[in-house]
Amino acid sequence: MPRPVIIDCDPGTDDAVALLLAFASPELDVRAVTVAGGNVGLARTLANALALTRLAGVSVPVHAGADRPLLGAFTGEPRVHGPDGLGGIVLPPGGAPAPGIAADAIRAILRQSADPVTLVGIGPATNLALALATEPALAERVAAIALMSGAWAEGNVTPAAEFNAWSDPEALAILLAAGRPVTFATLELTAQALATPERIAQWRAKGTGRCLAAACDIQASVPPSQRLGGRGAPLHDPCAVLCLTHPRLFTSRPAHVQVELAAGISRGRTVMNRWGGVPNARVLDTLDADGFFAVLGERLATLP
Ligand code: RIB
Ligand code: CA
């Protein structure tokens, strides 16, 4: 039976590829897409999620959520994703968002689902945290939480912190305290998923559908990461989806994860003890990158 999932996102170029991948994954039953402000403001991330859902031709409800973190003000990351969030790639407009805000929709799905639901977080975790913090009893309806978040070494938005964790560290702390299995795709993992021009060209050769073309164009718009040698951009968010559908492409280990909430230069840092402590999460270690890109291209090519 397909795994019921809710995907909470901030599209975002890599979110776009992750959403299309999820829509093309028969192992997943995407019950809803919920959207937060993150890479760019909520108005844009919502429009992008709606456009991607329509592009894929799927009838998945898209709910607007938080336009700012639990504490503090919204900040974005237009340097990577462009001011529109999709690297300047213009998609046909999507439909209207589903009624109800993200946190309420997440709680309603958890409450009504016959089976526990997996929460996939690929943006600031504000919506997921609001859902669980306002109705803690629903945590038992959560099968697992898969996050693109954090790093055990250097961050990408500050030297200490990865963008999603840094954007709303209190929200991440709430997820860690929920008592459900949490898996992290950290920056060290996603650095192994380097989308080079060659790999994008291999995708393009797999089909002629509009979704495959859009994924290639969107990913090709992302500036190569100088942090990773300038050969390509790490494809962060699809890792949090593929670890659910193709776990054999990954290795992982238990870890004790905490997030720094104090103001200052380390705020949002995920302190990951991968060698000791009482584990409260799993951290993905390695990725079969060739297998990852092959599956991604094949899956994207199945979409319209
Ligand atoms: O640090 C990378 C993460 O932050 C990705 O999810 C990207 O989309 C941004 O949200
Ligand atoms: Ca994201």
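Everything quoted here is computed from the prediction, not taken from an experiment. In listed order, ligands and their atoms are each counted from 1.
- Minimum heavy-atom separation, Arg274 to Val283: CD-CG1, 4.5 Å.
- Using cut-offs of 30° and 60° for the angle between ring planes, the Phe250 and Phe292 rings count as perpendicular.
- Salt bridge Glu135/Arg107: present, at least one basic N to carboxylate O contact under 4.0 Å.
- Of the angles at the Ca ion (ligand 2), the one spanning OD1 of Asp15 and O of Ile122 is 130° when given to 10°.
- Counting heavy-atom neighbours within 6.0 Å of Arg204 CZ, excluding the residue itself, gives a total above 12.
- For atom 9 (C) of ligand 1, the closest non-hydrogen atom of the protein is Asn39 OD1, 3.1 Å.
- With respect to the salt-bridge test (charged N to carboxylate O, under 4.0 angstrom), the residues Glu154 and Arg269 do not qualify.
- Asn280 and Val257 get closest at one heavy-atom pair: OD1-N, 2.7 Å.
- Looking only at its N/O/S atoms, Asp237 has OD2 as the one nearest to the Ca ion (ligand 2).
- Under 4.0 angstrom from ligand 1, there are no non-hydrogen atoms of Val157.
- In this structure the side chain of Leu147 never reaches within 4.5 angstrom of the side chain of Thr183, judged on heavy atoms.
- Within 6.0 Å of CG in Leu261 there are more than 12 heavy atoms belonging to other residues, nucleotides or ligands.
- Selection from Leu187, Asp15, Thr190, Asp237 by nearest heavy atom to atom 6 (O) of ligand 1 gives Asp237.
- Near Asp10, meaning under 4.0 Å from any of its heavy atoms, are these atoms of ligand 1: 8 (O), 10 (O).
- Distances from the Ca ion (ligand 2) show that Gly12 has no N/O/S atom below 3.0 Å.
- The neighbour count for Arg111 CZ, taken as heavy atoms of other residues, nucleotides or ligands under 6.0 Å away, is above 12.
- Contacts of Asn156 with ligand 1, taken as heavy-atom pairs under 4.0 Å, involve the side chain alone.
- If you look at Ile122 next to ligand 1, the close heavy atoms, those under 4.0 Å, all belong to the backbone.
- The distance from the Ca ion (ligand 2) to the nearest N/O/S atom of Asp14 is not under 3.0 Å.
- Heavy-atom proximity to atom 10 (O) of ligand 1, evaluated over Asn164, Asp14, Val222, is greatest for Asn164.
- Short contacts between ligand 1 and His236, defined as distances under 4.0 Å to a heavy atom of the residue, involve ligand atoms 2 (C).
- Atom 1 (O) of ligand 1 has its closest protein heavy atom at Glu162 OE2, 2.5 Å.
- Looking at Asp10 and the Ca ion (ligand 2) together, the shortest N, O or S contact belongs to OD1.
- Follow the hydrophobic side-chain contacts under 4.5 Å out from Ile109 and you reach Ile145 in the same cluster.
- Within ligand 1, counting atoms from 1 as listed, the ones closer than 4.0 Å to a heavy atom of Met148 are 2 (C), 3 (C), 5 (C), 6 (O).
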